[in-house]
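Proteins get letters first, then strands, A, B, ... in listed order; numbering begins at 1 in each.
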There are 2 protein chains.
Amino acid sequence: MFSIFLLNLQIFSMSKCEQCIIKQFNSLKSLTKDELIRISGCKTTMIIKKGTVIFDEGETINGVYCVKDGICKLSKLSENGKDQIVRIVVKGDLLGQRSLVTDESSNLQATALNDMEVCFIPKSEIMNDLQNNSKFSFDVLKDMAHDLKEADDIIVNMAQKSVRQRLAETLVYINDSFGVNPDGTLSVLLSREDFANIVGTATESAIRILSQFKKEKLISTKGKHIKIESLTGLKQVE
Amino acid sequence: MFSIFLLNLQIFSMSKCEQCIIKQFNSLKSLTKDELIRISGCKTTMIIKKGTVIFDEGETINGVYCVKDGICKLSKLSENGKDQIVRIVVKGDLLGQRSLVTDESSNLQATALNDMEVCFIPKSEIMNDLQNNSKFSFDVLKDMAHDLKEADDIIVNMAQKSVRQRLAETLVYINDSFGVNPDGTLSVLLSREDFANIVGTATESAIRILSQFKKEKLISTKGKHIKIESLTGLKQVE
DNA sequence: TTTAAAATATGATATATGTCATGTTTTCTA
DNA sequence: TAGAAAACATGACATATATCATATTTTAAA
């Protein structure tokens, strides 16, 4: 597994964490300059191709990924064979934070949704900072609290809202959180199957409802690119 | 609101955190003796009657509750008027940890499921420890990571499993996590409506499926007390 | 104890969504 | 560029679950 990484995906980069703008967006901003310099020395920058599994359910991660570019999904295989997406991680986020806190293996699979550039920081190097730099650990704590809140919201939506509503909200969420391309299409490009796996429905149902939204002029599509035509309309879907 | 607490619910107790066995079960165990003595001096012990709302959605909590006895539910009101239960907090747990980390108001409501005894520790008193005692903050981090993992699992179950399966799993979960009374009935006593609100279904559906389980000899009931007759059977429900 | 209210129970029916089947379009690759 | 494979699309039908209606039982209150 690791050898594949070495062959195909890994590029050792000379770029320095201390100067990296990305860290602004996550907990790493709370590290001191000295800490960043040390981290910089042991990190591994890698390019990950679209579709690649970054880590799998049950795998021990032993570090954290700082996402410099691209987007990935965190999903979990359910017994019926479907892959439920529980979170989307984008440029600027840290991926695999949970592994710093627990020695358990990952409960989720991470898969690149487009080509990504990430820096892997070994757990051994960053654990000291988590222990000694309280500003940093408090930031990680905040992050996790935020994720937990979002997860609670998702539970409520899953339980109480229709597939139609959940799909509408997913479109709004992606629009609001990750923005749009110059042509107005959603910048996060997902397959119909991905949408189904976020919403928790059959792929056919997701396709069908997207078609309905199109007829109702709430969205327009070219290929798999989706453009929101009426944000307010989507928000009112019942 | 607070005056009601003072009149009906609050009892100032002389018991000391340093000697309290409950702390063994949560992050407070990582506080030093000195820290515990200080906490002990500013905590407020209260008795909370069954059905009382401990804190509501949108309320600012400003502290954390250590549950000495009893059980409560954390729920969130959805737009359709249903109250989705996202977590159950029992004796030994800390309630409202998220409030320590963020200044946002609570996204959840906490309601006592039976008579409870809790100690309220003001945020102002414990924040220092969260900043300075890294063992303590790491414990809180672990707790939150654990909750996050459980939340992810719930999302997958909500999305991919039938109501029947979810209800069976809820029974198993309550059995495994919170145990049974001497007569074998589940020690956490929930109304059919509570079950429906955990599973995310209509109350009638929850009742109906529990009746089916009864017919299938998976459980037995007297009044609202439920006894699991076949744990393996419940685990195999499809 | 009697009465009222809440919780539990069950039937009948409606409906959203899943499943299966089939066809079309887009994307990939040799 | 052709051919294969994957993704998208839509119809027909099955089914789990919601909703509404109405008993019955349990709990609370007067």
Check every atom of C/dT10, C/dT19, D/dC8 against the side chain of B/I207 and return the nucleotide holding the closest atom.
C/dT10
What's A/T201 touching, base or sugar-phosphate or nothing? Going by heavy atoms closer than 4.0 Å.
sugar-phosphate
Is A/S211 near enough to D/dT10 that one of its side-chain N or O atoms lies under 4.0 angstrom from OP1 or OP2?
yes
Does NZ in A/K149 sit with more than 12 non-hydrogen atoms of other residues, nucleotides or ligands closer than 6.0 Å?
yes
Verify the distance criterion only: is there a donor paired with an acceptor across the side chains of A/T221 and A/K214 at less than 3.5 Å?
yes
Value in whole Å for how far the C1' atom of C/dA7 lies from NE2 of B/H225:
14 Å
Quick one: on DNA chain C, does A/S205 or A/G223 contact a more 5' nucleotide (nearest heavy atom)?
A/S205
Using whole Å, what does the distance between atom P of nucleotide D/dT27 and atom NZ of B/K222 come to?
13 Å
Distance-only side-chain donor-acceptor flag, A/D56 / A/Q109, under 3.5 Å
yes
Side-chain-base donor-acceptor pair under 3.5 Å for A/R164 and C/dT15:
no
Please figure out whether A/R192 or B/G200 has its closest DNA chain D nucleotide nearer the 5' end.
A/R192
Round to the nearest Å and state the distance from A/K224 atom NZ to C/dT25 atom C1'.
13 Å
Regarding A/N181 and A/S187, do their side chains bring together a donor and an acceptor under 3.5 Å, going by distance alone?
no
Would the base of C/dG18 count as contacting A/R208 through its side chain, where contact means a donor and an acceptor less than 3.5 Å apart?
no
A/L190 atom CG is separated from D/dC8 atom C1', nearest whole Å, by 15 Å
Rounded to whole Å, please give me the gap between CD in A/E238 and P in C/dT15.
16 Å
Just how far, in rounded Å, is C1' of D/dA6 from CG of A/D194?
14 Å
Would you mind reading off the distance between A/K214 atom NZ and C/dT25 atom C1', rounded to a whole angstrom?
11 Å
